[in-house]
> 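Shown below is the structure under consideration.
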Protein chains: 2
Amino acid sequence: MYRTKTCGELRLADAGQTVTLAGWVQGVHDLGALTFVDLRDRYGITQLAFNEDTAAELKEKAQRLGREYVVQATGVVAERYSKNKNLPTGEIEVNVTELNILNESLTPPFTIEDNSDGGDDIRMKYRYLDLRRNAVRKNLELRHKFAFEVRRYLDQQGFLEIETPILVNSTPEGARDFVVPSRMNPGQFYALPQSPQTLKQLSMVAGMDRYFQICKCFRDEDLRADRQPEFTQIDCEMSFVEQEDVLQMFEGMSRHLFKTILNIDIPTLPRMTWADAMKYYGSDKPDTRFGMEFVELKNQQPDNASRELVESIFPEGFGVFDSAAYIGAICCEGQAVLTRKQIDQLTDFVKRPQIGAKGLVYARVQEDGSVKSSVDKFYTQETLQVLKDKMQAKAGDLILILSGDDAMKTRKQLCELRLEMGSRMGLRDKSKFSCLWIIDFPMYEWSDEEQRLMAMHHPFTSPKPEDVPLLDTDPARVRANAYDMVINGVEVGGGSIRIHDAKLQQKIFEILGFTPEQAQLKFGFLMNAFKYGAPPHGGLAYGLDRFVSLFAGLDSIRDCIAFPKNNSGRDVMLDAPGYIDQSQLDELCLKVDLPEA
Amino acid sequence: MYRTKTCGELRLADAGQTVTLAGWVQGVHDLGALTFVDLRDRYGITQLAFNEDTAAELKEKAQRLGREYVVQATGVVAERYSKNKNLPTGEIEVNVTELNILNESLTPPFTIEDNSDGGDDIRMKYRYLDLRRNAVRKNLELRHKFAFEVRRYLDQQGFLEIETPILVNSTPEGARDFVVPSRMNPGQFYALPQSPQTLKQLSMVAGMDRYFQICKCFRDEDLRADRQPEFTQIDCEMSFVEQEDVLQMFEGMSRHLFKTILNIDIPTLPRMTWADAMKYYGSDKPDTRFGMEFVELKNQQPDNASRELVESIFPEGFGVFDSAAYIGAICCEGQAVLTRKQIDQLTDFVKRPQIGAKGLVYARVQEDGSVKSSVDKFYTQETLQVLKDKMQAKAGDLILILSGDDAMKTRKQLCELRLEMGSRMGLRDKSKFSCLWIIDFPMYEWSDEEQRLMAMHHPFTSPKPEDVPLLDTDPARVRANAYDMVINGVEVGGGSIRIHDAKLQQKIFEILGFTPEQAQLKFGFLMNAFKYGAPPHGGLAYGLDRFVSLFAGLDSIRDCIAFPKNNSGRDVMLDAPGYIDQSQLDELCLKVDLPEA
């Protein structure tokens, strides 16, 4: 070893010891007769001291050290004259008696500090320098610990980690596959797995009973801000279970993770039906760190979220409300103080094309209990008092109202508004966690594009037994044995109880519009396997990147990935993808056929 | 849950309990008034009993159960009349009071038994049934445990598991890459990693200090018996270490694995130089479960294995020996009893084209101490006694001698003969383990094909400091800071201390025949990273599949892989690779261009 101690471990009790440290030069501080060097490694920073009186030559050498030089220093631990309370090693320094430069460094293109001066692009290009930053490194440490604790919990519960192949065939997730040409099978391609869904179900058919895997998955999609072409999944499956068993098992895992990693005891996870989530939060992943639930002021469009008709509380008069199928509102506590300008900003916010509301109606509850609204000219104070009561609003509160002719779309707009208000009101603290299960998802959702019902989860999801008769009469109303775990408005995981009955599976395929031939072609090997004694089974998968990001309080999953790709799917550090030799293409029997510029 | 107990846990102490089990029907045995059903799950087998007197209808239902039906049975645990000592549950049975068929099964295409009647092909096609076999399942359980214990050890030692990307650029390992066309970057390709070598070195530059990863690696090579296009590596790297530190750390890991998984205390690993391994075993991965080391009877061709000239112990007379550059022999204890026919078989063995010896000379030491050999007519008994002494052979031993004009080739032939004799003599017991380090590998090996020196390990391997001067004078003699861990003749892992000095790296590239421009083109991003303060570092990688196979006593790595590929790189269960739609090819700007049939 080039060191006897790391840069993070020396304390006052070590004073007098001779130690050897190795690490990177964080900075050199010249104080006349003394020169101090901050030496950094993964474990911390230790101050090296060079004294002109005792070691003039060494001091001179230290003065010439550049940032990020790699050095080895031997010396005696001593109590510091001026202690640094912010550093665990801040009570000591090392009086250096020997200094070796192990490697020099060019001046790094950005500062290796928590708040670096480097922009995103340059930090990604020099990711190996970016990772030296404390703020980035600790995310990877957290990720390591997180994955380790996942494994520890699941191992204790009798799960086997089974590696499934990366070179597979197309998977039924429906996104675009990455493909890999096979040289040994010319003209044929492997696909990279979008998830090990079929293989984990086959593991259950194989009697593995409890399977998990922390594995890479791949989707060739146009990348949004928080997507990566390759991402990591905690993939799990259990046999002989019902939904309750899966929920209990993985609630236990979350409890274990929160406790061992963040030392937080989370309460029993509430369960919310998909219908309630949509009705009260306009989202299947509600952020429940705060309330501000929707109140339906009018609903003339019963759907899967709510079958209940609600008469409008507003008498005829305001055309927008009169013609709306749905009017919903949230009550923002204490927000009556918002200025007209601030409310205009909110109006602009909901009118942005990504959200698409037509406008925003507000009502302030004044100190005297009277209500002042943007629709005063259409409604009496009496009506506004009904609104106030309905919203359970009190003096100082602000009521925000959206309406529209599509209930579901309006709910989604109101969801965005609620989240925005939550943020503005400081109700979305990243150090607070609110976890819940969303259950009873619909089996299907209507696709305008495809003009047919599509599987909301995937085609192997089982319907709730009590809803099976509806498959024949009103399939759109069938609920699934499917569930998501949601934390702070983020869907961290989800899954379902699978169909293990071949006849039921056949029926589901029919409803999805597959002919038996198409179903056989697409899912044949799985359906064949199911003929040989498939056990009842179910499971779920977590997005590791998202889950870790949440624990780390990050805005983007990218920050907890060691070597992420940018929005064009490029690794700018490796400069991948790149061009390959014609000879390699020839071996693969492929020709690149670029469209003309 | 569909069960209250598994099929592996009931004991006599549970008698009287009402339990519910679920699993697969292993077999139905009809004994007149009684029917027994063996119910199997991952955890074991439990006997279900159906009595005509108490439950005639149930008994009839049980009789109609087919093999591999999935059933749920509730009943009372009772002591068995005739106990089965071979089963942990063999003292009890369950008198069934309720039986539900959860799923039926077609008759499986082979028996689900330890010794199945299914051939390799059919078992691979129905791998989900093959995995139900005890013999296969326990390999996956072992693999899970193995990987878990690797992680536990490395976590305790402060290693961080850092996931590196799968979609990367070409790696410098030199085998053929699998490539992935990028739709977002038309005409460009990702490569799948042959190993995370460069990324783990970048992690060290990034200050991660101790990295590991259990990860998939990919090589598009023509598959030999025991190769898979995707395989799993335990990849490790440490900073600020010398070779000794790496050896200690990973010897510790092996000790941990042997102890926790097999409950075996392994002794301190001996270290053998590559030269000695070649000289005494003819292999850089000697099987040291048994001795039978080579004795050089003549060596006129000094090389990296041995620089020592050995005068022939044989006087002139036998042309084959007279003209040989090298004569080597092994002494097989007690094997003088081999018949002429058996020795002829050995002669045929070494003359097989894969081995390529010209012939085999033998000498038996008789009971009276005299030596009887196949070259008696050329040599006096006196010479043969010299041979006997040199070989330290005693009465009843058999001496086997190979000669040739290429010392290294002859050693490799003698190695095969030694292993064959070890097998025949029962010295290669799979439940015994002999571990060692091979150290001091040569930096380079001569490639007849390329007519130049090639890196034996990879181009980032550092030379031994004391051999650096030889780089200028006799590079072929330079030894590397490289090491392999060998167990029972299998190279389970290997690695090296890397070069962290840019100037030394430049020199190594020169010797390998790279111009600075070529080196920059091929390894530029790594060399650039090294300019920003690369610490001294080194590491190694284990082949997980091989390591686990060894622990499991398997002949092929395939048996410890859940879903392996065949020798054409096909997954016959998934039927991958396969053809993809033209539309998908179009999106990738690719054309398949098959040679005409």
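Chain letters run A, B, ... following the sequence lines, proteins first and then strands; every chain starts at 1.
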> B:Asp222 versus chain A, heavy atoms under 4.5 Å apart: side chain, backbone, both or neither?
both
> With respect to chain B, which residue among A:Ala562, A:Pro535, A:Gly569 yields the maximal number of heavy-atom pairs within a distance under 4.5 Å?
A:Pro535
> Name the region of B:Glu244, side chain, backbone, both or neither, that has any atom closer than 4.5 Å to a heavy atom of chain A.
neither
> Does any backbone or side-chain atom of B:Leu544 lie under 4.5 Å from a heavy atom of chain A? Answer side chain, backbone, both or neither.
side chain
> Measure distances from A:Ile166 to the heavy atoms of chain B and classify the residue's part below 4.5 Å as side chain, backbone, both or neither.
both
> Relative to chain B, which of A:Val179, A:Asp501, A:Thr232, A:Leu585 shows the most heavy atom pairs under 4.5 Å?
A:Val179
> Count the heavy-atom pairs under 4.5 Å between each of A:Thr6, A:Asp586, A:Thr164, A:Leu167 and chain B, then report the option with the highest count.
A:Leu167
> Return the option, out of A:Glu163, A:Arg137, A:Arg67, with the maximum number of heavy-atom pairs under 4.5 Å with chain B.
A:Glu163
> Is chain A contacted by the side chain of B:Tyr69, its backbone, both, or neither, given a heavy-atom distance below 4.5 Å?
neither
> Measure distances from A:Lys565 to the heavy atoms of chain B and classify the residue's part below 4.5 Å as side chain, backbone, both or neither.
side chain
> Does B:Lys216 NZ have over 12 foreign heavy atoms under 6.0 Å away?
yes
> Heavy-atom distance under 4.5 Å to chain B: side chain of A:Phe146, backbone, both or neither?
neither
> Working note: A:Glu141 + A:Lys138, criterion salt bridge (Lys or Arg N to Asp or Glu O under 4.0 Å); need CA distance, chi angles, decisive distance, verdict.
CA-CA 5 Å; A:Glu141 289 173 341; A:Lys138 69 181 175 33; over 6 Å; no
> For A:Leu142, is it the side chain, the backbone, both, or neither that has a heavy atom closer than 4.5 Å to a heavy atom of chain B?
neither
> So that I know where these two stand, are B:Tyr579 and A:Phe189 an aromatic pair - ring centroids less than 6.0 Å apart?
no
> What class does the angle between the rings of B:Tyr128 and A:Tyr532 fall in, given that below 30° is parallel, 30 to 60° is tilted and above 60° is perpendicular?
tilted
> May I ask you to test the B:Ser239-B:Pro536 pair for a side-chain heavy-atom distance under 4.5 Å?
no
> Tell me whether the rings of B:His144 and B:Phe148 are parallel (<30°), tilted (30 to 60°) or perpendicular (>60°).
parallel
> Does any heavy atom of chain B fall under 4.5 Å from the side chain of A:Arg143, the backbone, both, or neither of them?
side chain
> Which atoms of B:Met238 come close to chain A, meaning under 4.5 Å heavy atom to heavy atom: side chain ones, backbone ones, both, or neither?
neither
> Chain B heavy atoms under 4.5 Å from A:Leu588: which part of the residue, side chain, backbone, both or neither?
side chain
> Do the side-chain N and O atoms of A:Gln72 and A:Thr20 include a donor-acceptor pair separated by under 3.5 angstrom?
no
> Heavy-atom pairs under 4.5 Å with chain B - which of A:Val592, A:Leu160, A:Val180 has more of them than the others?
A:Leu160
> If you take all heavy atoms of A:Leu21 and A:Lys5, which pair is closest and at what distance?
CD2-O, 3.2 Å
> Does the pair A:Arg40 and A:Glu68 meet the rule for a salt bridge (Lys or Arg N to Asp or Glu O under 4.0 Å), with working shown?
CA-CA 9 Å; A:Arg40 186 196 68 236; A:Glu68 301 306 315; 2.9 Å; yes
> Measuring heavy-atom distances to chain A, does B:Leu129 have an atom under 4.5 Å in its side chain, in its backbone, in both, or in neither?
side chain
> Using non-hydrogen atoms only, which part of A:Asp220 is less than 4.5 Å away from chain B: side chain, backbone, both, or neither?
both
> Side chain, backbone, both or neither: which part of B:Phe231 has an atom under 4.5 Å from a heavy atom of chain A?
neither
> With a 3.5 Å cut-off and no angle check, do the side chains of A:Arg132 and A:Gln26 form a donor-acceptor pair?
no
> Which answer fits A:Ala534, side chain, backbone, both or neither, if we ask what part of it has an atom under 4.5 Å from a heavy atom of chain B?
both
> Let me know if B:Ala529 has heavy atoms under 4.5 Å from chain A in its side chain, its backbone, both or neither.
both
> My understanding is that only one of B:His500, B:Arg210, B:Gln201, B:Lys200 makes a side chain to side chain donor-acceptor pair (under 3.5 Å) with B:His537; could you say which?
B:Gln201
> Quick one: does B:Arg3's side chain get under 4.5 Å of B:Met1's, heavy atoms only?
yes
> Looking only at heavy atoms and a cut-off of under 4.5 Å, which of A:Lys531, A:Met204, A:Glu242 has the most pairs with chain B?
A:Lys531
> Does A:Asp209 form a side-chain contact (heavy atoms from CB on, under 4.5 Å) with A:Phe240? I'd like the steps, not just the answer.
CA-CA 8 Å; A:Asp209 206 66; A:Phe240 300 115; 3.8 Å; yes
> What part of A:Glu104 is in contact with chain B, defined as an atom under 4.5 angstrom from a non-hydrogen atom: side chain, backbone, both or neither?
backbone
> I want to know whether B:Tyr211 and B:Phe159 have ring centres closer than 6.0 Å.
no
> Which bit of A:Arg176 comes within less than 4.5 Å of chain B, counting heavy atoms only: side chain, backbone, both or neither?
side chain
> Name the region of A:Gln248, side chain, backbone, both or neither, that has any atom closer than 4.5 Å to a heavy atom of chain B.
neither
> Salt bridge or not between A:Arg127 and A:Asp130? Use side-chain N to carboxylate O under 4.0 Å.
yes
> Quick one: what part of A:Leu574 sits under 4.5 Å from any heavy atom of chain B, side chain, backbone, both or neither?
both
> Quick one: what part of B:Glu161 sits under 4.5 Å from any heavy atom of chain A, side chain, backbone, both or neither?
both
